[in-house]
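These notes are about the structure you will find just below.
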Amino acid sequence: MGTGEPFDALMAMLDPSMLVVTAAAGGERGGCLVGFHAQSSIAPGRYTVWLSKANHTYRLALRATHLGLHFLDRDASALAERFGTLTGDEVDKFAGLMVRAGPGGAPELPTCRHRMLSRRIALLDEGGDHVCVVTEPVAVTADGPLTPLRLSAVAHLRPGHPAAERPHPATARADHPGRR
Ligand SMILES: Cc1cc2nc3c(=O)[nH]c(=O)nc-3n(C[C@H](O)[C@H](O)[C@H](O)COP(=O)(O)O)c2cc1C
């Protein structure tokens with residue numbers, strides 16, 4: 001059932017903060033800009049993100065044990081553009097960035113002062129174009145205050161993969177093992 005323009009307008013008014021979600025599996029690493037996310041339990045602590053079925057990051061997250069969740073400050077628009085408009089099917093978005101392997105190999109961007117490394121504990125695909133990924137935080141960094149980068153500041157970006165896309169094969173680089 002379509003909910004149309006009022007739904008879109010209401011969602012835009014909520015103006016969510018933006019994350020970069022990262023994952024690694026099978027020798028590949030990836031990450032994408034995410035606006036669909038929320039705390040989803042207090043005790044135990046849970047944090048949930050929704051990943052587009054079109055994304056390289058989603059396909060990695062299905063095989064990854066852990067994810068990196070990086071909460072962007074409002075001065076991080078360049079990072080948002082990199083992770084929200086490029087696709088790991090074609091480029092290594094981490095090139096030139098400081099990155100280290102966290103639990104389960106999840107790529108961690110230490111220059112993001114607000115981040116968590118989380119264990120993936122559940123997935124729900126209810127048939128929409130995004131899949132619900134529930135995580136359990138295992139390492140949290142909150143270094144100083146955060147003024148979030150919000151959707152309104154990045155809504156003009158063109159996603160590397162429109163949500164309706166269904167790339168095949170599972171990762172383009174899977175067919176080209178030499179490409180990294
Ligand atoms: C403003 C904005 C919000 C986005 N929100 C999400 C989101 O909540 N979940 C998601 O999986 N992708 C989201 N995307 C799309 C991905 O960040 C984008 O398609 C990215 O280039 C995919 O990269 P990948 O193929 O390397 O994973 C968003 C993109 C933009 C520009």
Side-chain angles (χ1 to χ4, degrees), residues 7-40 47-64 66-97 99 105-109 112 115-116 118 120 122-135 148-176 179-180:
F7 178 79
D8 294 342
L10 179 57
M11 293 305 108
M13 282 188 262
L14 297 177
D15 202 11
S17 60
M18 303 304 295
L19 302 187
V20 167
V21 174
T22 61
E28 284 185 42
R29 59 186 179 178
C32 67
L33 185 66
V34 163
F36 296 163
H37 61 94
Q39 180 177 355
S40 50
Y47 205 89
T48 298
V49 299
W50 283 262
L51 295 179
S52 166
K53 292 174 182 173
N55 291 355
H56 178 251
T57 307
Y58 162 68
R59 284 168 267 133
L60 289 179
L62 289 178
R63 295 182 286 143
H66 292 75
L67 302 180
L69 279 52
H70 304 82
F71 297 78
L72 299 186
D73 200 88
R74 73 171 167 203
D75 65 7
S77 52
L79 209 57
E81 182 165 355
R82 178 191 287 238
F83 279 92
T85 66
L86 304 175
T87 173
D89 285 318
E90 294 167 358
V91 299
D92 177 8
K93 297 187 203 180
F94 299 90
L97 297 181
V99 55
E108 180 178 12
L109 301 170
C112 288
R115 61 188 186 274
M116 58 174 88
S118 284
R120 181 171 68 76
L123 280 177
L124 173 67
D125 178 356
E126 50 70 47
D129 52 24
H130 284 64
V131 170
C132 171
V133 185
V134 183
T135 75
L149 180 72
R150 296 202 171 273
L151 175 62
S152 52
V154 293
H156 61 283
L157 297 179
R158 251 183 81 175
H161 278 304
E165 271 185 27
R166 292 292 172 272
H168 183 81
T171 72
R173 286 182 292 172
D175 269 2
H176 305 279
R179 280 167 64 188
R180 280 285 175 264

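Indexing begins at 1, ligand by ligand and atom by atom, following the structure's order.
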Could you give the distance from [atom1] ([X]) to [atom2] ([Y]), rounded to the nearest 0.5 Å?
X	Y	atom1	atom2	answer
Leu157	Leu151	CG	CG	9.5 Å
Arg29	Asp92	CZ	CG	4.0 Å
Leu86	Glu81	CG	CD	8.0 Å
Thr48	Leu123	OG1	CG	10.5 Å
Leu149	Asp75	CG	CG	8.5 Å
Phe83	Thr57	CZ	OG1	8.5 Å

(message) Are the side chains of Cys112 and Leu79 in contact, using a 4.5 Å heavy-atom criterion?
(response)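 Yes - at least one pair of side-chain heavy atoms lies under 4.5 Å apart.
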(message) Is any side-chain heavy atom of His130 closer than 4.5 Å to one of Tyr58?
(response)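 Counting from C-beta outward, Tyr58 and His130 never come under 4.5 Å.
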In terms of residue, atom name and distance, what is the protein heavy atom nearest to [atom]?
atom	result
atom 21 (O) of ligand 1	Leu86 O, 2.6 Å
atom 19 (O) of ligand 1	His161 N, 3.0 Å
atom 26 (O) of ligand 1	Gly88 N, 2.7 Å
atom 27 (O) of ligand 1	Thr57 OG1, 2.6 Å

Per [atom], closest listed option by heavy atom ([options]):
atom	options	answer
atom 12 (N) of ligand 1	Asn55, Asp129, Val154, Val91	Asn55
atom 13 (C) of ligand 1	Val34, Leu33, Val133, Leu149	Leu33
atom 25 (O) of ligand 1	Leu51, Val21, Thr87	Thr87

(request) Kindly give the heavy-atom pair with the smallest separation between Leu67 and Ala61, and that separation in Å. (result)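 Closest heavy-atom pair between Leu67 and Ala61: CD2-CB, 3.8 Å.
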(request) Specify the closest pair of heavy atoms between Ala24 and Ala64, including all atoms of both residues, with the distance to one decimal. (result)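 For Ala24 versus Ala64, the nearest heavy atoms are O-CB, 3.5 Å.
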Between the side chain of [X] and the main-chain N/O of [Y], is any donor-acceptor distance below 3.5 Å?
X	Y	value
His37	Leu19	no
Thr22	Pro107	yes
Arg166	Lys53	no

Are any of the N/O atoms on [X], whether in the backbone or the side chain, positioned under 3.5 angstrom from an N/O atom of ligand 1?
X	answer
Arg158	no
Leu151	no
Cys32	no
Gly160	yes
Gly84	yes
Gly35	yes
Lys93	yes
Ser52	yes
Pro159	no
Leu157	no

(message) If the contact criterion is a heavy-atom separation under 4.0 Å, does Phe83 count as touching ligand 1?
(response)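 Yes, Phe83 has heavy atoms under 4.0 Å from ligand 1.
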(request) Mind checking whether His130 contacts ligand 1 via backbone (N, CA, C, O), side chain (CB onward), both or neither, at a 4.0 Å heavy-atom cut-off? (result)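 For His130, the contact with ligand 1 is made by the side chain alone.
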(request) May I ask you to identify, for Val49, whether its side chain, its backbone, both or neither come under 4.0 Å of ligand 1 on a heavy-atom basis? (result)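 It is neither; nothing of Val49 touches ligand 1.
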(request) Go through the side-chain N and O atoms of Thr87 and His56 and say whether any donor and acceptor fall under 3.5 Å apart. (result)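 Distance-only check fails for Thr87 and His56.
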Can you sort out which atoms of ligand 1 are near [X], meaning under 4.0 Å from one of its heavy atoms?
X	answer
Thr85	21 (O)
Trp50	7 (C), 8 (O), 9 (N), 10 (C), 11 (O)
His56	24 (P), 25 (O), 26 (O), 27 (O)
Met18	1 (C), 2 (C), 3 (C)
Phe36	8 (O)

(message) Using the side chain to side chain donor-acceptor pair (under 3.5 Å) definition, which of the options Asn55, Thr85, Asp89 pairs with His161?
(response)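 Result for side chain to side chain donor-acceptor pair (under 3.5 Å) with His161: Asp89.
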